[in-house]
Structures are given as C-alpha cells and as structure tokens.
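Labels below follow one simple rule: chain letters A, B, ... track the order of the sequence lines, proteins then strands, and each chain is numbered from 1.
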There are 2 protein chains.
Amino acid sequence: MATTRGERRTRGAGPVSAEQIEQEAIRLFAEKTYPVIGMRDIADAVGLLPGSLYVHISGKEDVLLRIVEKGIQNYLDAIGRAADSHESASDRLRAAFAAHFEVLSRTPEQTRVAFFQWTYLSPAKRGRVIAMRQRYEDLFVDIVRDGVRTGEFRQLRSPRVTVLAFIGMLNNATEWFHPDGELTALEVANELAETALRGIQA
Amino acid sequence: MATTRGERRTRGAGPVSAEQIEQEAIRLFAEKTYPVIGMRDIADAVGLLPGSLYVHISGKEDVLLRIVEKGIQNYLDAIGRAADSHESASDRLRAAFAAHFEVLSRTPEQTRVAFFQWTYLSPAKRGRVIAMRQRYEDLFVDIVRDGVRTGEFRQLRSPRVTVLAFIGMLNNATEWFHPDGELTALEVANELAETALRGIQA
DNA sequence: CCTACCGATCGGTAGG
DNA sequence: CCTACCGATCGGTAGG
C-alpha cells in the first residue's frame, strides 16, 4: 500500500528549477496519475525536502496545469502546421496523423498527462484547457468537412462522429504506442492514415 | 478543494446491500475517479456511516475490483457472441461494433471505471483484469486475421496496429457517446463499422 | 533551501 | 449498524 519513495538527489548537483520539478512531475504523474503522487514524491525526485518545492512552484495543481497546457500546445502547433497547407484534404489528414505521432513519440509521458489527467484540475482552471482541446478537435473537423465539401470524401452520415472516432483512435494510441517499438511513429501514422482515408474517401 | 458530500439516505429505506454499495461506487468513481472518492463519500451515498460499510464489503479496492471485472465481462459476453457466428468477417466485425455500443449504452459509467480505472488496482489484483483485457483484444484480432486470411480484407502492413486502432476508437467512445444523444448506439456502431470496414476491405 | 509543524483527511477497526 | 477512534499521510506554511 505504502509507496517506496525514491532516493533524494545527490546534493551539489546544482540548484533546482521549476522546469526540473515539472519534468519529474511529468514522469511521476504519467506513471501513477496525479492524485496518488504526493508532493513528497516529487520532492524526493528532485532532491529537495517537501516544503522547499514551494520556493519554485506555487502549488501542486499549478504544476499539473502547466504540464497539461504545454502538452496540448505541442499538438496544436504541430497539427496546426500540417492542417494549414494548401494540399488536398487527404494529404492534410495524412500530415495531421504524422504530426500527431511525431509529437507523441517525442513526449509520450507528457501526452499521457495532458490528454487523460486534465480532469483533475479544479473547474476554475479547466476553462483554458477545454478551449485548447476544442481547437485541437476543430483542426480535424475542418479537414474532414473540407474533403466532404469538395467531394474528395464521401457523404458521411455524421462527420462529427467520424472525427471523434479518428481523434479517439489517435488519443488512445498513447496507451500502446512505444517510440522505440517495431514501427516508427511515421510508419504507424501512415498505416492508420491509410485505413482512415480508405474509410472515408469517395 | 473540499468536496461537499451528498446527504445521507433517508433511514428506513431498507437495509443496504453490497450490490447497492457497488452501484453508488460506480457512479462516484465514474464521476471523479477512484483515488479522489473516499469511503465517506460512498457511505454518504448509501446512507451509512463510513465504518458500517465494512459490514458489507471487505475494502475499497475490493469494490473497485468487482466493478472492473463485471464491467469487462459484460463486453466479453456480448462481443463473444457476435464474434462466434459463422458469418463473414465483415459481418462479424459489424456485429462486434454493435455489441460494443449496445453494452456501452447500457452501462456507460461502469465502462468508464472498467476501461480506465483498473490501473488503480494493486499489482496483485491486476492479473485477472489484464487477462480479461487480452481476451477482449483477441476477439477483434481473430476477426481481422480471419478476414485477411480469406482475402476479404486487404493485406495490412500491421494487423495488430490496425486492431489496436479500432479498439482504441471503441474504448475512447466512452468519453463522447451519450446513450440519449442524437444517434442511437446502433446508428453510431454502424457508422463507425462502415468506415472501419471500408478502411480494410480488399 | 531547511526545520518544524499545521489542520484536514484518509482507509480501516475494536467493541458493542 | 453505530460510537469512537487509530496511525498514516496529505498539501501547504511560518520563520528563519
């Protein structure tokens, strides 16, 4: 029941920064989830005593908020670039899938926290996160609607449900994709984009 | 920060059963997740004092285990029947999607707990759950492999990745599907099965 | 950045 | 099923 806490960092390894605290928090939250990680676990990981964390951060929830916001922003940036080109809807969807897996392979732990643990934020802090998630969803909605409009994609009975299914597929890949697995991020992205596109092309 | 606890049940509404405790726990875990729900919350919901819960249950984790195991079993039963017929692989995949959404629409909260909160079980109790999840996955793997073997589906570069994507799509639907939404469970299942099948058919 | 500590809350139990 | 309570742990702070 009691978690064995890791050893303290060796002293003299330099002063601790808020950035380092976030990095260790990402690792711990991704491994065990936010509510079961204590400030004492984070303190152990960076080699401070619990109270000393508050020199660098303002509170536990604030650490989570920063991790989540930056984590989603990584996806908005990468997929935003992919969705912005003047290529066909098919090529933009392919590029969006590739961008998604590229970010996932670069930040797998932060992705787990950002996609699945933002729900632990108090209502007051959720607003911006929900808006960011909406923008992320809209990037895909726009591509699919575009393709349907130009006739590149077939008339879907419910474009929204289809997009939610695609996004769910991508989000859930966080649970099984390993950056150092048999297939590279690009290979997995291409495989899934191929199936998704065949599924909706006219 | 502090959760306002619900009121106690009116006394005299009959004795409490383990079944009722599980039902309230499903509701609360689905709403807020296992670690942030206290035994005091569950006690309030069923109208007992915290200590009295232990007349009916042996511990918090045991309640979670039962919810998770029954929750997954619902899917194994329904999808197992769908996957067992002598129809084509396409029809069996369609039936499996329909069965999935039928169970989801019947037990949305238990699904949320079973699919996403089994990770809070201690390693000792995870074994059976992981085995059940594997059987669930294999039901889909078998259908897809079958279809590829008979030439009904195209040669996939990675059948496993494709199946994981389909399952991820279904699992993630737990987050957006509403039983009383615009589309029925069967309509959503058909829409997604259509796209998935077009994606992999030869 | 540490020492020392706060009030609150946790899952669970003894004894009736 | 309640009364009364246990030891452990939680996020966070005062004062240096």
DNA chain D: stems of at least 3 consecutive Watson-Crick or G-U pairs whose donor-acceptor distances fall under 3.5 Å: C:1-16 with D:1-16
A/Pro15 side-chain proximity, nearest of D/dG11, C/dC1, C/dG12: C/dC1
Integer-rounded Å distance: C/dG11 P and B/Asp44 CG: 12 Å
Touch class at under 4.0 angstrom, heavy-atom based, for B/Gly51 against every strand present: base
Whole-Å gap separating C1' (C/dG11) and CD1 (B/Ile42): 11 Å
Closest listed nucleotide, where the reference is the side chain of B/Val55 and the choices are D/dC1, D/dG11, C/dG12: D/dC1
Under the ring-ring contact (aromatic ring centres under 6.0 Å, His included) test, residues paired with A/Phe116 that sit two or more places apart: none
Gap between atoms CG and P, on B/Asp41 and C/dG11 respectively (whole Å): 8 Å
Counterpart residues, salt bridge (Lys or Arg N to Asp or Glu O under 4.0 Å), relative to B/Arg128 (two or more places apart): B/Glu69
Atom pairs and distances, side-chain donor-acceptor, residues 163-171 of chain A, under 3.5 Å, sequence neighbours left out:
unit_1   : atom_1 : unit_2   : atom_2 : d
A/Asn171 : OD1    : A/Tyr136 : OH     : 3.3

By side chain to side chain contact (heavy atoms under 4.5 Å, CB included) - contacts of B/Ala95 (at least two apart): B/Ala82
d(OH, A/Tyr54; P, C/dT3) in whole Å: 17 Å
Touch class at under 4.0 angstrom, heavy-atom based, for A/Ile37 against every strand present: sugar-phosphate
Out of D/dC1, D/dT3, C/dC10, whichever nucleotide has its closest atom nearest the side chain of B/Leu48: D/dC1
ring-ring contact (aromatic ring centres under 6.0 Å, His included) pairs, two or more places apart, involving residues 171-191 of chain B: B/Phe101-B/Phe177
Candidates D/dG11, C/dC1, D/dC2 - which lies nearest the side chain of A/Ser52: C/dC1
Nearest to side-chain heavy atoms of B/His56, which nucleotide of D/dC1, D/dG11, C/dC1: D/dC1
From C/dT3, D/dT13, C/dG11, nucleotide with atom closest to A/Leu49 side chain: C/dT3
Side chain B/Gln117, main chain B/Tyr34, donor-acceptor under 3.5 Å: yes
Whole-Å distance separating the CD1 atom of A/Ile21 from the P atom of D/dG12: 13 Å
Length of the line joining B/Arg40:CZ and D/dC10:P, which is rounded to integer Å: 16 Å
Protein-nucleotide distance (B/Leu64, atom CG; C/dG12, atom C1'), rounded to Å: 17 Å
Between C/dC10 (C1') and B/Leu28 (CG): distance, integer Å: 16 Å
Proximity to the side chain of B/Lys60 - top-ranked nucleotide from D/dC1, C/dG12, C/dC1: C/dG12
Interatomic distance, B/Ile72 atom CD1 to B/Arg135 atom CZ [nearest 0.5 angstrom]: 9.5 Å
